[in-house]
Amino acid sequence: MIGYVTVGTNDLERAAKFYDAFAAELGVGRMMDFETFIAWGKWDGGAGIAATKPFDGEKATVGNGTMVALEAKDRAQVQRLYDIALANGGSDEGEPGPRGEPDENGMLFYAAYFRDPDGNKLNAFLMDKVA
């Protein structure tokens, strides 16, 4: 259903460093690269993510309650994405770990939360069997 998600940035070079590292861990690269906009993903793949300077020329701001969730393949990748975020100018919003209780099938929501250098909130998550 979702084609891509865009986050605002006031420093595209800094955002590019953050998302280049993130995208590499997820097995994708840049698919569009313009002076004010960069998108990461695959043309024939799932949803992508983009960072852009606002079209109206005003300062980019974060949305209160807005978050981009990126699906990881396993718990180790959740940890790597969290570590990559912090190593590339991001900030912690919740270390990797289970959230809530397992459902009736023994599936558990496992996630890490962080912000990019512009303050946009993201998480890396997966639905996983209880260990």
Side-chain angles (χ1 to χ4, degrees):
M1 182 186 327
I2 295 174
Y4 64 94
V5 175
T6 301
V7 296
T9 183
N10 294 302
D11 185 336
L12 191 59
E13 185 177 324
R14 180 183 66 187
K17 180 180 182 238
F18 181 89
Y19 287 102
D20 280 343
F22 228 79
E25 173 60 32
L26 292 169
V28 299
R30 293 182 187 189
M31 63 180 189
M32 295 171 63
D33 193 341
F34 299 102
E35 186 176 321
T36 60
F37 176 89
I38 302 171
W40 293 265
K42 292 183 181 178
W43 286 107
D44 60 350
I49 190 164
T52 188
K53 292 182 178 180
F55 181 75
D56 65 7
E58 297 294 323
K59 182 177 179 180
T61 59
V62 298
N64 188 21
T66 302
M67 183 178 69
V68 176
L70 303 164
E71 190 170 9
K73 63 183 176 185
D74 55 33
R75 291 181 185 205
Q77 189 173 48
V78 169
Q79 181 69 54
R80 287 192 305 275
L81 289 166
Y82 174 82
D83 293 342
I84 287 167
L86 299 185
N88 287 279
S91 59
D92 172 49
E93 286 284 323
E95 293 183 353
R99 305 297 196 268
E101 298 297 321
D103 69 11
E104 65 278 358
N105 298 313
M107 298 300 286
L108 182 68
F109 185 75
Y110 188 91
Y113 296 85
F114 39 87
R115 292 188 183 268
D116 73 7
D118 286 288
N120 296 296
K121 190 171 183 180
L122 300 102
N123 86 355
F125 80 97
L126 75 145
M127 294 301 295
D128 198 16
K129 283 279 193 191
V130 175

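This is a predicted model, so every value here is computed, not measured.
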Legend entry - Distance-minimising heavy-atom pair for Ile2 and Val5: CG2-CG2, 4.0 Å
Using atom types as modelled, flag every donor-acceptor pair under 3.5 Å from a side chain in residues 51-71 to any protein atom, sequence neighbours excluded.
from, atom 1, to, atom 2, distance (Å)
Thr52, OG1, Thr36, O, 3.1
Asp56, OD1, Glu58, N, 2.8

Legend entry - Minimum-distance pair of heavy atoms, taken over all atoms of Pro117 and Arg14: CB-NE, 3.3 Å
Legend entry - Shortest non-hydrogen separation from Val78 to Pro96 and the atoms involved: CG1-CB, 4.0 Å
Which pairs of donor and acceptor atoms, one on a side chain in residues 100-116, lie under 3.5 Å apart (sequence neighbours left out)?
from, atom 1, to, atom 2, distance (Å)
Asp103, OD1, Asn105, N, 2.8
Asp103, OD1, Gly106, N, 3.1
Asp103, OD1, Met107, N, 2.9
Arg115, NE, Glu93, OE2, 3.0
Arg115, NH1, Gly119, O, 2.7
Asp116, OD1, Asp118, N, 2.9
Asp116, OD1, Gly119, N, 3.0
Asp116, OD1, Asn120, N, 2.9
Asp116, OD1, Asn120, ND2, 3.4
Asp116, OD2, Tyr19, OH, 2.7
Asp116, OD2, Asn120, ND2, 3.0

Legend entry - Minimal non-hydrogen separation, Ala23 against Trp40, with atom names: CB-CD1, 3.6 Å
Inset, instruction - Measure the spacing between CD1 of Ile84 and CZ of Phe18 and express it to the nearest 0.5 Å. - result: 9.5 Å
Legend entry - salt bridge (charged side-chain N to carboxylate O under 4.0 Å, His left out) against Glu25, all qualifying residues, sequence neighbours excluded: Arg80
Legend entry - Joint hydrophobic cluster, Val7 plus Leu86, side-chain heavy atoms closer than 4.5 Å: yes
Inset, instruction - Measure the spacing between CE of Met32 and OH of Tyr4 and express it to the nearest 0.5 Å. - result: 7.5 Å
Inset, instruction - Would you check if Phe22 and Leu81 make a side-chain contact, meaning some heavy-atom pair closer than 4.5 Å? - result: yes
Legend entry - Closest non-hydrogen atom pair, Leu126 against Arg75: CD2-N, 3.9 Å
Inset, instruction - Write down the atom of Lys73, the atom of Gln77, and the distance for their closest heavy-atom approach. - result: N-OE1, 2.8 Å
